[in-house]
Amino acid sequence: MRDLTALPDLKLALVQTTLAWHDSAANIAHFEGMLESARGADLVVLPEMFTTGFSMESEVLAEPEQGPTYAWLQAQARRLDAVITGSLIIRAADGSHRNRLLWARPDGEVLHYDKRHLFRMAGEHKHYTPGETQALFELKGWRIRPLICYDLRFPVWSRDPHGTDLLLYTANWPAARRHHWNRLLPARAVENLCYVAAVNRVGEDGKGHAYSGDSQVLDFQGETMLDTGGGDGVFLATLSAAHLASYRERFPAYLDADSFSIQP
């Protein structure tokens with residue numbers, strides 16, 4: 001493991017709120033009004049499909065790869081001097097539709113991760129193309145790996161071969177299965193010896209599905225650092241690299257982990 005002791009603390013802002021169904025303009029205006037409360041954070045996290053809600057109407061709702069929301073995220077990252085991230089419906093250059101997380105940096109660079117595991121119980125696999133590769137982003141020396149909603153259920157995809165410091169989940173996870181969310185997130189923290197941050201939405205979508213929120217930040221032992229419950233707002237947490245390094249030194253279970261590779 002690399003030396004983490006010199007890394008600065010990482011300040012997170014988790015944005016948990018309702019989403020207007022299939023109304024990108026309304027959602028963008030709503031988030032823009034909330035984001036001033038995130039000022040001072042290093043990383044601002046929005047829910048999955050934050051411009052539309054979790055929709056299967058990819059043909060109608062998809063934006064081009066560098067469309068209006070891409071530009072909006074760039075502008076907000078510059079304004080807040082922070083990385084801002086969340087997923088939306090993208091029509092890729094090859095014509096496929098992706099549930100794509102965009103990672104917008106203050107310097108204007110935008111990276112992305114495409115959701116790997118598509119939620120077949122809603123037919124997501126019929127309307128979107130899955131991603132093939134994990135992503136690993138760096139922020140202030142921290143290694144951060146983004147994942148999207150249903151990815152949480154698949155421990156091999158979440159398993160860490162990279163020395164990840166923070167697993168980041170953005171989601172539209174329904175209230176009907178909130179107990180799965182609240183059990184799986186601590187498991188991912190414990191098995192990967194890393195922090196976990198997860199952002200979900202609240203309210204009801206256009207299909208009548210309710211969302212309970214439960215956005216949270218967990219430490220490397222799966223202990224709760226932040227639990228938003230069903231609140232609507234911007235919630236802040238600070239991660240300590242020194243605490244993470246100390247725990248990994250005291251309990252280096254990663255040294256006994258199995259070696260593996262993932263095929264596309």
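With hydrogens and angles ignored, the 3.5 Å screen pairs a side-chain donor or acceptor of R145 with a backbone N or O of R159. Using a distance-only test at 3.5 Å, with no hydrogens or angles considered, no donor-acceptor pair links the side chain of R116 to the main chain of P130. A donor-acceptor pair under 3.5 Å is formed between the side chain of S240 and the backbone N or O of H243. Side chain of E59 to backbone of H127: no donor-acceptor contact under 3.5 angstrom is found. Judged by distance alone, with hydrogens and angles left aside, the side-chain atoms of Q134 form a donor-acceptor pair with the main-chain N or O of W157 at under 3.5 Å. Put simply, the side chain of S215 gets close to the backbone of N200: a donor and an acceptor are under 3.5 Å apart. The main-chain N or O of G67 is never found under 3.5 Å from a side-chain atom of W72 such that the two would form a donor-acceptor pair.
Summarising the local packing, CD of E249 is surrounded by 12 or fewer heavy atoms from other residues, nucleotides or ligands at distances under 6.0 Å.
Across every non-hydrogen atom of Y169 and S158, the tightest pair is OH-OG, 2.8 Å. Pairing each heavy atom of E65 with each of Y70, the nearest pair is O-CD1, 3.2 Å. Minimum heavy-atom separation, C194 to L244: CA-CD1, 4.2 Å.
Contact annotation: the side chain of V83 approaches that of P106 to within less than 4.5 Å [non-hydrogen atoms, C-beta and beyond]. By the 4.5 Å heavy-atom criterion applied to side chains, M49 and L88 are not counted as neighbours. For the pair L152/L185, a side-chain contact is recorded, criterion being any heavy-atom separation below 4.5 Å from C-beta on. Residues T85 and L101 have side chains in contact (heavy-atom distance under 4.5 Å, counting atoms from C-beta outward). Annotation: side chain of L19 is not in contact with side chain of Y211 (no heavy-atom distance under 4.5 Å). When side chains are defined from C-beta on, N172 does not count as touching D205, because their heavy atoms never get closer than 4.5 Å. S55 places a side-chain heavy atom less than 4.5 Å from the side chain of W21. Contact of the T170 side chain with the Y113 side chain is not registered, since no non-hydrogen atoms from C-beta on lie closer than 4.5 Å.
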Practice task
Go through the steps for F50 and T69 under the test side-chain contact (heavy atoms from CB on, under 4.5 Å), then give the verdict.
Solution key: CA-CA 10 Å; F50 69 89; T69 302; 3.6 Å; yes
Problem - side chain to side chain donor-acceptor pair (under 3.5 Å) between D232 and T17, intermediate numbers included - result: CA-CA 5 Å; D232 189 317; T17 190; 2.9 Å; yes
Practice task
Before giving the answer on salt bridge (charged side-chain N to carboxylate O under 4.0 Å, His left out), spell out for E138 and R105 the whole-Å C-alpha distance, their side-chain angles and the decisive distance to 0.1 Å.
Solution key: CA-CA 11 Å; E138 187 168 300; R105 295 164 44 96; over 6 Å; no
Practice task
Step by step, work out the salt bridge (charged side-chain N to carboxylate O under 4.0 Å, His left out) result for D165 and R143.
Solution key: CA-CA 5 Å; D165 305 315; R143 292 180 178 174; 5.6 Å; no
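The aromatic rings of Y128 and H97 sit perpendicular, their planes meeting at an angle over 60°, well past the 30° parallel limit. Taking the six-membered ring where tryptophan is involved, the planes of H117 and Y150 are perpendicular, since the angle between them exceeds 60° and thus also 30°.
When each of V15, V44, L73 is paired with F31, the side-chain contact (heavy atoms from CB on, under 4.5 Å) condition holds for V15 and for no other. When each of L61, I28, L46 is paired with T51, the side-chain contact (heavy atoms from CB on, under 4.5 Å) condition holds for I28 and for no other. Here the options are D3, D9, L4, the test is side-chain contact (heavy atoms from CB on, under 4.5 Å), and the partner is L7; only L4 passes.
At a threshold of 4.0 Å, the pair D114-R100 counts as salt-bridged, since one of the basic side-chain nitrogens sits closer than that to a carboxylate oxygen.
Sorted by first and then second residue, the salt bridge (Lys or Arg N to Asp or Glu O under 4.0 Å) pairs with a member in residues 177-204 read R178-D214, R188-E191; sequence neighbours excluded.
Rounded to the nearest 0.5 angstrom, W181 CH2 and S212 OG are separated by 9.0 Å.
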